[in-house]
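One structure is given here, and the rest of the page talks about it.
Residue numbering restarts at 1 for every chain, and letters A, B, ... go by the order of the sequence lines.
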Amino acid sequence: MSGILVFALHYEGAYNKNSLGGVSEAAKLAGELGAEAHAVVVGDVSDELAAQLGNHGVTKVFRAKDVPEGLAQPVVDVMAKVMDDNGHDYALFGGGLLGFEIGAGLAARLNAGVTMEVTKVNVVDGKLEAERPIHGDSSISTSKYKDRGIIIGRLNAFETAPPSDASAEVEDVDVELSPFSTKATMVQRGEARGEDIDIEGADILVAGGRGLGKPEGFELCEELAEALGGAVAATRAVVDAGWYPYSTQIGQTGKTVSPKLYLAAGISGAIQHKVGFQSSENIVAINKDSNAPIFEYSDLGIVGDLNKILPKLTQAVKAKKG
Amino acid sequence: LKICVLVKEVPDAAVEKRINPATGRMDRGGERNLNPYDTHAIEAAMQVREGGVVEVDEIVAVTMGPETSVRALHKAVSLGADRSVHLSDDALAGSDVAATGYALAKVLERESPDLVLLGQQSDDGECYTIGAVVADHLKMPSLTQVIKMDVTEGKLRCERQAEYGYDTVEIELPAVISVGDAINEPRYPSLKAIMGAKKKPLDAVGVGDVGIDGTMVGEAGSKVICGEFKPPPQKAAGEIIEDEDTNETVQKIVAWLDERKLLA
């Protein structure tokens, strides 16, 4: 059989949205292959929560209870064993940091082919083929696998199917962890740094990146956001640097938004950020570097100094709105 | 403590990124340089050395790639590495991520480092997964996208942002750590260091020198068949304004927003 094994990340009793997308995609593809999709969960997962993955199309859930959560290498041990014991030909991951780490480790362990940042998977002649944008999304390449294949999705690449009332069989697995998999210990998980700001409901977002130059640069964004009646968002680089709260971060390991207007100030627009806002209705970019990737996909791009432009824009917006 | 830093040569984004007029696509040929993300890994190694908590015996830059990759090694040495190792062999051409990680792991095995550092992702769009591949072959614990790393005797305390916020993870050495660019501000090399870089020891090795199984690398040893390139769905090109007169620019932006009823 050419089954697909998918990893489902959970936290505080709920599944990760990208994981559910991965589960749905695996189930859909397995259907086309005439095979089954199964899921792996680790750690503290109730019978009910585990079986619930059946809602999204997997027929069986392998649960490794004593395996630590939030670290990749123990999950590699579990998935490698489950795939070897059950003959899965493919492993699939929804977008997200842990999926990248687990998928890559699993490829090394199983001597399998791996493709990351996958945006689409097709069934061709009874096998999976993965499409992946390369070179700053200027081209799409197709990966085929000589043997087993590991497919790691880009953030938001796979949509979660509407849940059915199907339930999955839950099988507990005992896996002996590799000695090196136990040498990393989670001391603290999921610390939210900075205040909790809700940006997901905003119709207009003014986002700031490293190009603001300093933390105080966000004041310019806040003033413009207020004039526009919107909220302020940030890139990972400035959140990691402590300039703005984690709750406002857009992109990989942050939030995904699709407002009516996304105005990006001092943001180069790397893929990891782009995936978090690319479905916005209107994208406006202000950046002094005319080579910034964001100009390749913005609807309106302004090449110039944001320190000059933002204050005047705030004034002009206020004047226009009266 | 011995630290190996994995580095990679990539197209020089700042200098050479331009659109090829014939294809309308990004032209990424031309000048190549050290992957900017890797400079953070070298800086992290230097800060461990200068931090004074543990004694660093040696910092070794390691790369795999064609002849030109020597430039990336020289840059790495000018930024603080003591010497470098260049894995280069025709047999490696066409290696995928898994094969590349395996080959690099074989070089590292020979060096037997206590800590392997690398940049969180390559600037040329490949694999921010290489650290995890290398770690599995070396049987070492690993963490990627680390933005804070404290070293104590035999142990690291790392912080990174994951799916649900910031995680703090303790890791026993030896370990493989990919650092994020927020971890530090890389220093600029001094002129003396740039001039001296070519004189530091550079060990050129081939597949046979480090015990790489030839059936595991190159196009034949790779498990992914890559190909059938096609253009992405086209999106209409956006309007670009070069800001010369800011008052005028701002009026244009306001008009654009107003047209789309975004100022209601």
Starting at [atom1] of [X], measure out to [atom2] of [Y] and round the result to the nearest 0.5 Å.
X        : Y        : atom1 : atom2 : result
A:Gln315 : B:Asn247 : CD    : CG    : 11.0 Å
A:Ile152 : B:Thr129 : CD1   : OG1   : 6.0 Å
B:Ile225 : A:Lys144 : CD1   : NZ    : 6.5 Å

Using a 4.5 Å cut-off on heavy atoms from C-beta on, say whether the side chain of [Y] contacts that of [X].
X        : Y        : answer
A:Leu300 : B:Ile241 : yes
B:Met140 : A:Phe180 : no
A:Leu71  : B:Asp167 : no
B:Val169 : A:Val187 : no
B:Gln145 : A:Gln252 : no
A:Leu261 : B:Leu257 : yes
A:Asn282 : B:Trp256 : yes
B:Val97  : A:Met116 : yes

Neighbour count above 12 (heavy atom, 6.0 Å) for [X] [atom1]:
X        : atom1 : result
B:Arg157 : CZ    : no
A:Lys288 : NZ    : no
A:Lys146 : NZ    : yes
A:Lys320 : NZ    : no
B:Phe229 : CZ    : yes
B:Lys2   : NZ    : yes
B:Glu219 : CD    : no

Select one option (side chain, backbone, both, neither) describing which atoms of [X] are under 4.5 Å from chain B's heavy atoms.
X        : answer
A:Ser178 : neither
A:Lys312 : both
A:Glu131 : side chain
A:Gln73  : side chain
A:Asn111 : both
A:Tyr246 : side chain
A:Ala112 : backbone
A:Thr142 : both

Examine the side chains of [X] and [Y] and answer whether a donor and an acceptor come within less than 3.5 Å of each other.
X        : Y        : answer
B:Glu163 : A:Thr253 : no
A:Thr185 : B:Glu170 : no
A:Gln249 : B:Gln161 : yes

Working note: B:Val224 + A:Tyr145, criterion side chain to side chain contact (heavy atoms under 4.5 Å, CB included); need CA distance, chi angles, decisive distance, verdict. CA-CA 5 Å; B:Val224 176; A:Tyr145 306 97; 4.0 Å; yes
Report the option among [options] that has the most heavy-atom pairs separated by less than 4.5 Å from atoms of chain B.
options                      : answer
A:Leu228, A:Asn16, A:Thr182  : A:Asn16
A:Val114, A:Ile309, A:Ile271 : A:Ile309
A:Asp147, A:Ile150, A:Val239 : A:Val239
A:Gly113, A:Ala72, A:Gly242  : A:Gly113
A:Glu12, A:Arg210, A:Glu129  : A:Arg210
A:Ala227, A:Gly304, A:Gly190 : A:Gly190

Whether the side chain of [X] engages the backbone of [Y] through a donor-acceptor N/O pair (distance < 3.5 Å, no angle test) should be reported.
X        : Y        : answer
A:Glu101 : B:Thr144 : yes
A:Lys183 : B:Leu173 : no
A:Glu191 : B:Tyr164 : no

Side chain, backbone, both or neither of [X] within contact of chain A (heavy atoms, under 4.5 Å):
X        : answer
B:Glu244 : neither
B:Tyr102 : neither
B:Ser142 : both
B:Ala175 : neither

Would you sort out whether B:Ile240 and A:Ile302 count as a side chain to side chain contact (heavy atoms under 4.5 Å, CB included), showing the intermediate values? CA-CA 6 Å; B:Ile240 297 280; A:Ile302 296 101; over 6 Å; no
The test is side chain to side chain contact (heavy atoms under 4.5 Å, CB included); show your working for B:Glu239 and A:Asp299 and say whether it passes. CA-CA 6 Å; B:Glu239 194 180 324; A:Asp299 302 299; over 6 Å; no
Under a 4.5 Å cutoff for heavy-atom pairs, which residue among [options] has the most contacts with chain A?
options                                : result
B:Ala135, B:Pro174, B:Pro141           : B:Pro141
B:Ala98, B:Gly180, B:Ala162, B:Ala264  : B:Ala162
B:Ser222, B:Gly165, B:Gly238, B:Gly221 : B:Gly165

Shortest non-hydrogen contact between [X] and [Y], atoms and distance:
X        : Y        : answer
A:Ala108 : B:Asp136 : CB-CB, 3.8 Å
A:Ser141 : B:Cys226 : OG-SG, 4.1 Å
B:Leu262 : A:Ile204 : O-CD1, 3.6 Å
B:Ile171 : A:Ala184 : CG1-CB, 3.9 Å
B:Val133 : A:Ala104 : CG2-O, 3.5 Å
A:Asp240 : B:Ala182 : CB-CB, 3.3 Å

